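Since the structure comes first, as structure tokens, the remarks are kept for the end.
Atoms within each ligand, like the ligands themselves, are counted from 1 in listed order. This one's a predicted model, so the numbers in the text were calculated from it and none came from an experiment.
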Amino acid sequence: MNAAPLPLPGTLFGRDGRFTVQLKFATNASVFANFPTGTAPPDRSEFDGLVLEVEDRAYQLSRCRLEVEEAQVDPRLVFLDDVYDFSALFREHRMVDLRRVFHNVALVIAQKDQVSPQFRDYTANTVYDLSVYKRFFADQEAMLRKEPASVREAARGALLRAQRTRFFDFMDRGLLGLRQVTASFDDEEHKRHGYYFRRHVWEYIQGAPFLARTNLKPRGYAGDSHMMEMIYEDAFKGNSVFSMLLHRHPLASAAARAVRNRRTMVPLVLRRVQREFQPLPPRGFRFLSVACGPAFEVCDLLAEEPEPEHFHCALLDQDTEALATARAGIQRVQRARRRKFSVAYVNESVRTMLKRADQVDRLGRFHFVYSMGLFDYLTPPVARAVAKRLLELVVPGGTLLIGNYHVDNPTRRYMEYWMDWTLYYRTEAELQALLEDAEAASAELFFEDTGCQMFLQVRKPG
Ligand SMILES: C[S@@+](CC[C@H](N)C(=O)[O-])C[C@H]1O[C@@H](n2cnc3c(N)ncnc32)[C@H](O)[C@@H]1O
């Protein structure tokens with residue numbers, strides 16, 4: 001949770017004079033006004049404006065009204081002519097002019113003139129086909145509306161089983177067409193056409209929980225721990241058969257299978273590294289997952305390992321919700337096994353590692369450090385710096401493992417156009433280059449079974 005932002009000084013002015021106020025953040029579009037030098041004007045008093053002082057700047061806001069609320073100590077100011085973003089103003093000291101946002105509408109609309117005719121046809125055909133599918137499924141479900149819940153559920157299950165292959169084949173053919181029609185585009189063209197495409201299929205995206213989340217990014221970024229859970233879970237979700245199929249289809253893609261593959265692959269590599277250090281005392285084998293997300297592979301490891309007491313595990317993530325999910329999963333395994341594991345949860349961004357020099361003192365060193373689903377979001381200079389820092393955390397003879405999607409990921413356009421999910425893809429040489437200057441006993445590059453995700457495994461000299 002974010003702490004409450006500090007109050008800001010201001011002056012209200014209007015027919016009845018000027019009033020010095022202390023403004024407190026209330027909601028995104030309103031503030032509370034405290035009158036430190038006298039009693040507040042009566043409920044529903046209107047003012048011509050408010051001058052707000054933020055650092056060394058003064059912003060003039062437009063007409064507003066005071067509203068006294070029983071549950072609040074201070075009256076609320078609501079704005080009558082404009083909508084302001086007080087979250088940005090109080091938290092980031094940034095004034096967002098929401099009226100200006102609408103100036104962009106015309107610009108964005110004009111972008112459609114730069115959409116290729118072939119892509120327009122492709123989009124129109126896709127939308128038509130999807131709407132026909134949706135209609136057919138909706139008709140089937142409408143017939144079931146009056147059935148008892150158990151009959152309805154069984155019939156939905158039957159529909160899903162019977163139509164899954166046909167619908168998935170239809171989607172796969174559509175994605176093949178997408179790759180063909182966009183094959184010659186540069187990055188800018190992909191962005192423009194992706195936006196155009198998503199506006200057309202938005203109705204369908206919204207219904208499918210996975211697609212909706214990758215697009216809406218409720219935590220501010222794609223690939224949050226809840227999206228990862230959906231990928232690992234790989235189940236039908238949604239309010240209709242059509243939405244359930246559309247939710248499930250991306251979870252069957254090569255990129256999603258690659259995520260599930262690393263869940264089994266990481267414990268295998270970990271065990272190989274562990275064997276190199278045996279015997280070790282309890283909690284003697286130390287490993288660190290960087291950008292751990294829900295840490296399902298750690299739960300698997302702790303659930304299956306005959307002697308989990310030999311591990312000490314550190315889980316690092318910038319997102320407290322990801323860490324909470326990881327903790328809940330590990331606690332479930334602890335309860336089931338009636339054992340206590342040694343786990344440290346570190347709420348930190350890898351960017352902090354780049355700023356501070358005391359990371360070994362704070363975190364210690366580890367026999368095995370790995371990072372899955374992080375480097376795909378890091379620019380080359382940041383990725384290089386982070387990789388170097390991670391290697392510093394490895395004990396002599398220990399191993400660092402870094403995952404990254406390959407430039408030839410066949411799901412790339414699906415992710416970019418449907419999911420608004422863009423990654424830093426790398427070639428083999430680009431991934432290896434992250435640690436080319438590092439002192440390593442060995443460096444190995446390998447792929448998981450789908451071939452869309454590669455791993456750089458570096459062993460530190462003993
Ligand atoms: C795609 S998920 C991968 C999660 C997990 N490693 C897995 O394979 O299931 C990415 C995770 O990276 C975390 N993350 C992104 N940027 C980060 C940063 N700069 N520092 C630490 N964690 C970060 C996110 O919070 C998210 O949990």
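Using modelled atom types and a 3.5 Å distance limit, the side chains of N215 and D420 yield no donor-acceptor pair.
The aromatic rings of F296 and Y232 are tilted relative to each other, their planes meeting at an angle between 30° and 60°. The aromatic rings of Y133 and F137 lie parallel to each other, their planes meeting at an angle below 30°, with 60° marking the opposite boundary.
Classification of R412 and E416 as a salt-bridged pair holds, one side-chain N sitting under 4.0 Å from a carboxylate O. Remark: D224 does not engage K217 in a salt bridge, criterion side-chain N to carboxylate O under 4.0 Å.
In terms of protein heavy-atom proximity, atom 23 (C) of ligand 1 is closest to Q318 CG, 3.4 Å. Nearest protein neighbour of atom 27 (O) of ligand 1, counting heavy atoms only, is D317 OD2, 2.7 Å. In this structure, atom 20 (N) of ligand 1 lies nearest to the protein heavy atom V350 N, 2.9 Å. With hydrogens left out, the protein atom closest to atom 10 (C) of ligand 1 is G373 O, 3.3 Å, a heavy atom. In this structure, the protein non-hydrogen atom closest to atom 7 (C) of ligand 1 is Y232 OH, 3.4 Å. Nearest protein heavy-atom neighbour of atom 3 (C) of ligand 1: M372 O, 3.5 Å. The nearest protein atom to atom 5 (C) of ligand 1, hydrogens excluded, is given as C292 O, 3.2 Å; this is a heavy-atom distance. At the shortest separation from atom 1 (C) of ligand 1 among protein heavy atoms lies G223 O, 3.3 Å.
Of all the heavy atoms of Y221, the ones lying under 4.0 Å from any atom of ligand 1 belong exclusively to the side chain. Residue contacts with ligand 1 for R262 involve side-chain atoms from C-beta outward but no N, CA, C or O (heavy atoms, distance under 4.0 Å).
Interatomic distance, Q432 CD to L445 CG, rounded to the nearest 0.5 Å: 5.0 Å.
Nearest residue to atom 19 (N) of ligand 1 from G403, S349, G293 is S349 (criterion: closest heavy atom).
Looking at L456 and L401, their side chains never come closer than 4.5 Å, going by heavy atoms from C-beta outward.
Centroid-to-centroid, the aromatic rings of F86 and F79 come within less than 6.0 Å.
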